[in-house]
Amino acid sequence: MDDCAQERPLFTFGVIADIQYANIDDGYNYSRSRRRYYRSSLQLLRNAQESWSESAVKPEFILQLGDIIDGFNKGHNASERALDTVLREFSSSPVEVHHVWGNHEFYNFSRSALLGSKLNSTLHTDRILSETRPGPEIYAYHFSPFPGFTFVVLDAYDVSLLGREESSEQYKSAMNVIRQYNNNEDLNCPPACEGLEQRFTMFNGGFSKEQLDWLDSVLSSADDKRERVTIVSHLPVHPCSTDPICLAWNFDELLGIIRSHSSVVCFMAGHDHDGGYVKDKDTGVHHLTLEGVIETLPDSNAFGTVSVYEDRMVLKGSGRTRDRVFLFP
């Protein structure tokens, strides 16, 4: 880490996940086993913003990995107000923010509402072209912050019961997928107590063939250009980087695409508030699941600053987020 500190990075970026702000008293997770700090998550975001703004090398951009506000806001008719509150914190600095969509975005808003909102980064950033997206309703795109480096934002709820009208074909298709494995009346209850089938719950989702084909094409182009690609999603896709209950439904298909391309160096996700990490033994791709702000003690932190070099990325973590070095495969 000391050697890395003496060499100036090509660029840096910030990363934060699962803020889940709500102006309500502390509560608990779905199984009532973990405490959630709804109001103090805003202060932890401020801490991150202050750290990034005071850095010797300012971040080029911030990756916000989803669940920016909590689903409880919907029941209090506070979704817009809560979102405005958090986005006001992000706008306190001029750094570009790339927003990923998680399940809590869809608890609060419909897909059509999100596409027209400030959480649609393709409307508010300069480096994205319309032709870099897979389809009008799929929230996936790529951008290049520095020559030779590409970031791909994926839509992990493209195939999902969340954010879709129950009368839509997309909803029916997602229901067919989940009902193959989960027969519970409450689809947020996993179909098994252990193993990979736990992932077939309503709070997860997956990637359509259209999105996977688009990703395959983006990565083929990056392979040809010998670029370094980092993929981001709310849902993790490597079983060893997360609790299985947090995996994307068709994680195996996405892993297969990653493994067929030489350009991918890292996959970053949120959703699992405990965080996780694994280096894929076959490809050397780093799979990082970032710790969630919402379950972080008010006197701690959960965010990171990533410095990118020619041969590696260096994550400087704060609080629960630990330091890591990701050597490129």
Side-chain angles (χ1 to χ4, degrees), residues 63-67 98-103 105-106 109-117 119-123 125 127-144 150-165 168-178 180 199-223 227 229-238 241-242 246-261 263-271 285 287 289:
L63 294 176
Q64 187 277 113
L65 296 178
D67 286 2
H98 290 269
H99 296 289
V100 177
W101 294 354
N103 47 311
E105 275 74 19
F106 292 109
F109 306 104
S110 68
R111 177 169 286 269
S112 59
L114 285 171
L115 285 167
S117 76
L119 290 180
N120 183 346
S121 302
T122 66
L123 302 178
T125 53
R127 288 179 277 216
I128 300 156
L129 301 175
S130 59
E131 59 264 29
T132 66
R133 297 182 59 193
E137 282 205 342
I138 300 174
Y139 181 63
Y141 64 91
H142 62 88
F143 66 98
S144 177
T150 290
F151 285 72
V152 181
V153 175
L154 292 184
D155 185 344
Y157 292 86
D158 179 13
V159 180
S160 172
L161 298 175
L162 303 177
R164 301 286 192 185
E165 296 291 334
S168 70
E169 286 303 316
Q170 294 99 328
Y171 185 93
K172 293 171 186 173
S173 176
M175 183 63 80
N176 288 337
V177 171
I178 197 171
Q180 291 179 49
R199 71 188 188 276
F200 289 102
T201 67
M202 192 169 175
F203 53 76
N204 293 330
F207 311 94
S208 67
K209 184 179 185 304
E210 184 178 4
Q211 187 177 180
L212 292 174
D213 288 347
W214 170 82
L215 176 63
D216 193 40
S217 174
V218 170
L219 296 182
S220 292
S221 175
D223 292 345
E227 292 180 336
V229 178
T230 296
I231 303 174
V232 298
S233 156
H234 184 64
L235 298 180
V237 298
H238 198 297
S241 70
T242 181
C246 292
L247 280 168
W249 288 349
N250 57 338
F251 73 88
D252 48 345
E253 290 183 83
L254 204 140
L255 268 186
I257 290 174
I258 291 174
R259 287 169 174 165
S260 68
H261 293 281
S263 51
V264 183
V265 296
C266 188
F267 189 103
M268 294 185 177
H271 198 47
V285 173
H287 288 260
T289 304

Please report the interatomic distance [atom1]([X]) to [atom2]([Y]), rounded to the nearest 0.5 Å.
X	Y	atom1	atom2	value
Asp216	Ser220	CG	OG	4.5 Å
Leu115	Leu123	CG	CG	8.0 Å
Arg111	Gln170	CZ	CD	8.5 Å
Gln64	Leu119	CD	CG	7.0 Å

State, to 0.1 Å, how close [X] and [Y] come at their nearest heavy-atom pair, and which atoms those are.
X	Y	value
Asp223	Ser263	OD1-OG, 2.7 Å
Trp214	Leu154	CZ3-CD2, 4.0 Å
Ile257	Leu212	CD1-O, 3.5 Å
Tyr171	Ser168	N-OG, 3.1 Å
Ala269	Leu65	O-CD1, 3.5 Å
Ser233	Ala156	OG-CB, 3.5 Å

Indicate whether any N or O donor in one side chain lies under 3.5 Å from an N or O acceptor in the other, for Ser121 and Tyr139.
yes
Whether the Tyr157 and His234 side chains hold a donor-acceptor pair (N or O, under 3.5 Å, no angle test) is what I'd like checked.
no
Could you tell me if the side chain of [Y] sits less than 4.5 Å from the side chain of [X], heavy atoms only?
X	Y	value
His271	Thr242	no
Leu162	Met202	yes
Ser160	Asn103	no
Phe151	His98	no
Met268	Ile231	no
Trp101	Val153	no
Leu63	Val100	no

Does the side chain to side chain contact (heavy atoms under 4.5 Å, CB included) test come out yes or no for Arg199 and Phe251, once each step is laid out?
CA-CA 10 Å; Arg199 71 188 188 276; Phe251 73 88; 3.5 Å; yes
Knowing that exactly one of Val152, Thr230, Leu215 qualifies, which makes a side-chain contact (heavy atoms from CB on, under 4.5 Å) with His142?
Val152
Pick out which of Leu254, Leu235, Val159 makes a side-chain contact (heavy atoms from CB on, under 4.5 Å) with Trp249.
Val159
After noting the C-alpha distance and the side-chain angles of Ser260 and Leu219, does the key distance pass the side chain to side chain contact (heavy atoms under 4.5 Å, CB included) rule?
CA-CA 9 Å; Ser260 68; Leu219 296 182; over 6 Å; no
Basic-acidic side-chain contact under 4.0 Å: Arg164, Asp158
yes
Partners of His287 by ring-ring contact (aromatic ring centres under 6.0 Å, His included), sequence neighbours excluded?
His238, Phe267
Test ring-ring contact (aromatic ring centres under 6.0 Å, His included) applied to His99 - qualifying residues, sequence neighbours left out:
Phe90
Does any N or O in the side chain of Gln211 come within less than 3.5 Å of the main-chain N or O of Ile138, such that one atom is a donor and the other an acceptor?
no
Answer yes or no: are there more than 12 heavy-atom neighbours, outside Gln180 itself, under 6.0 Å from its atom CD?
yes
